[in-house]
Amino acid sequence: MSAVPVLETRGLGIRFGGLKAVDDVSLSVPEGLTLGVIGPNGAGKSTFINLVTGHLKPTSGTVLVDGRDLTGVKPWVIAKARVARTFQIVKPFRGMTVRENVAVGVLYGPDGTGRMSTALKQADEILAEVGIFELGDRPPGELSVADARRLEFAKALALKPRLLLLDEVMAGLRPGEIEPSLQLIRDLKARGMTIIVVEHVMKAILAVSDEVLVLNAGQRLMLGPPREVLSDPQVIEAYLGHKYATRAAQLSEAASAALAAPTPTPTPTPNAVDIAEEEVGPDA
Amino acid sequence: MATVTPALWRRWGPWALGLVGALAALGLQTQLYTGQVRTVATIFMFVALALSWNLIGGYTGYASFGQVVFFGLGGYFAAVTMTHLHWSFWVALPLAGLAAAAYAVVIGIPLLRLRGHYFAIATLGVAEGTREVVINLDGLTGGGGGITVPTVGAAAATKYLGNDGFYLVYLALAVLALLITGLVSRSKFGFAMRAIHQDEDAAAAVGINTTRTKVLTFALSGLLTGLVGATYAFQQVTIYPERLFDVEITVLMVVMVVIGGSGTVLGPIIGAVALQFLSEWLRQNYTTVHTLLLGIIIIIAVILLPQGLVNYLREARRNGDYSLLANVRRYRL
């Protein structure tokens, strides 16, 4: 692990008129870390990604990539610095085939090649990696939701990124379709890629994150190991509302009471994950 | 004997067809009457114009409704330098193209930040404004009274080219526009243009410098349009701002590209040839109502083939469904 973090933000913020969409977020992501980012709707998760990748210009703070100040530069400069992203709403190039969609990234990415044949060959390799090789000749409009998300993934991987920001790549997927995406993230992790995962699917966050950042109303609420963060009462309250927080506390007491019983049964500590899955479901 | 494989055909077939087309156009010239030479030359002129609009409007998706500004600027550059500085047409022509390209860069940098209708309206405004400037620089441009390029005597550095001469120049410009479109559509740069058309944010996210790509495309498009304008000015001898900055020229470019199929190589050519041919035929046979009939035909074409002929055929072949009604339904909002 190198000493310089792959991504560092210092006091990063943006305001739209009177609204501080992201407010004073400082963060350091060392190489190889997978950071999960959660927070209620409107907490500023996507805005945070947009600030880091140059799609929005911050009104305060700095963004450092590998120690280089890349605050407010254009998105293509960020892309050339090997920071790739996916979009929450998939953005395929509709007039091109799936293969060509990925080839564009190879052509214009940090290792930009001018050779079309090389780009198309590399695109095929990336498509195989995300599991949609056989769809290479199709127009993206014909893809299923899950495959369209995979294409979004492939387009990001075409940049051979060091840092990959995934903006809800699992939203709208059925439980059975989530596992291949998780496996893909695990594979990339194993290769040492630094990944930031914005996700509402808690199971996914838990499965891949080394650390979890909780955003609430644009601010950094908490940062720490996933289990710890998700069982924090403050997080539960921000994420699920006051009612759930109270209920979680009651469950916690019940668990303590169970421990005091003569034949103690191992009761898992209740946390935001269990409540979320039980009450809201994985896709909420 | 070498066999033509599909891959080989895909790579070289279009170029071979283009070459055959250009040679056929040269042969055609010897078979035409004087009036027909003029008509066909005008068709070539519009082929070149439609192809140049297609670069920025079709491939890149920035509908320039002020494209005529490059036509007028190229034309006035040639006329003014040939009249006042006695430049040869062959010097004035390329420099007029470059002047138009430079103007495209200057107005493109601010205007290409606008998207969709805003860009269309802003370019329209710039074209109208530029015409007013040309009218008011009457010392140089002759103002509203026009300017006449010397074509005979000592003042004329280049003798008038005549019908056959302009036929060849327009043909060369159409071939040049086709060549550039063909090269661009298959190149890395062409991918960037199409990516910007389809999603500018996504294009930027994969490393495409969208600003540079758009400005360069606009300049290329302006260059070609300016070359055509310069030729047109010399052909007309006397030019007026009202004619050289006529919105109708922009509209024709747009309509030709849209009917033929925007963002394709063949579409603008088919659109320009079809529309000019049809317009000429209607004018000769239905003199009094020809514009009305032309308008009706254009409306029907746009309703039935909203994506243009070439794109329609491409999609129909893939789906195996040639029904026009199904096509209308597919593109209905």
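First the proteins, then the strands, lettered A, B, ... as listed; each starts at 1. Only heavy atoms go into these numbers, but all of them, side chains included; no hydrogens, no water, no symmetry mates.
For A:Thr113, the part lying near chain B is the backbone, with the side chain staying farther off; criterion is any non-hydrogen pair under 4.5 Å. Using a 4.5 Å cut-off between heavy atoms, B:Ser187 contacts chain A through its backbone alone, with no side-chain atom that close. Only the side chain of B:Arg318 comes within contact range of chain A, with heavy atoms under 4.5 Å apart. With a 4.5 Å cut-off on non-hydrogen atoms, A:Met96 touches chain B through its backbone and its side chain both. Only the side chain of A:Pro139 comes within contact range of chain B, with at least one heavy atom under 4.5 Å from a heavy atom of that chain. Looking at A:Leu107, the atoms closer than 4.5 Å to chain B (heavy atoms on both sides) sit in the backbone and in the side chain alike.
For the pair A:Asp66 and A:Arg162, the salt-bridge criterion is met [side-chain N within less than 4.0 Å of a carboxylate O]. A salt bridge does not link A:Asp124 to A:Lys121: none of the charged nitrogens lies less than 4.0 Å from a carboxylate oxygen.
Chain B forms the most heavy-atom pairs under 4.5 Å with one residue out of A:Lys80, A:Lys74, A:Glu100, and that residue is A:Glu100. Contact tally against chain B (heavy-atom pairs below 4.5 Å) for A:Arg94, A:Glu152, A:His55, A:Lys155: the top residue is A:His55.
No more than 12 heavy atoms of other residues, nucleotides or ligands sit less than 6.0 Å from atom CZ of A:Arg68. Heavy-atom neighbours of B:Arg186 CZ from other residues, nucleotides or ligands within 6.0 Å: above the threshold of 12.
Under the 3.5 Å distance criterion, the side-chain polar atoms of B:Tyr322 are left unmatched by any main-chain donor or acceptor of B:Leu313.
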List the steps and the verdict of ring pair (Phe, Tyr, Trp, His ring centres under 6.0 Å) for B:Phe218 and B:Phe70.
CA-CA 10 Å; B:Phe218 202 36; B:Phe70 307 122; 5.3 Å; yes
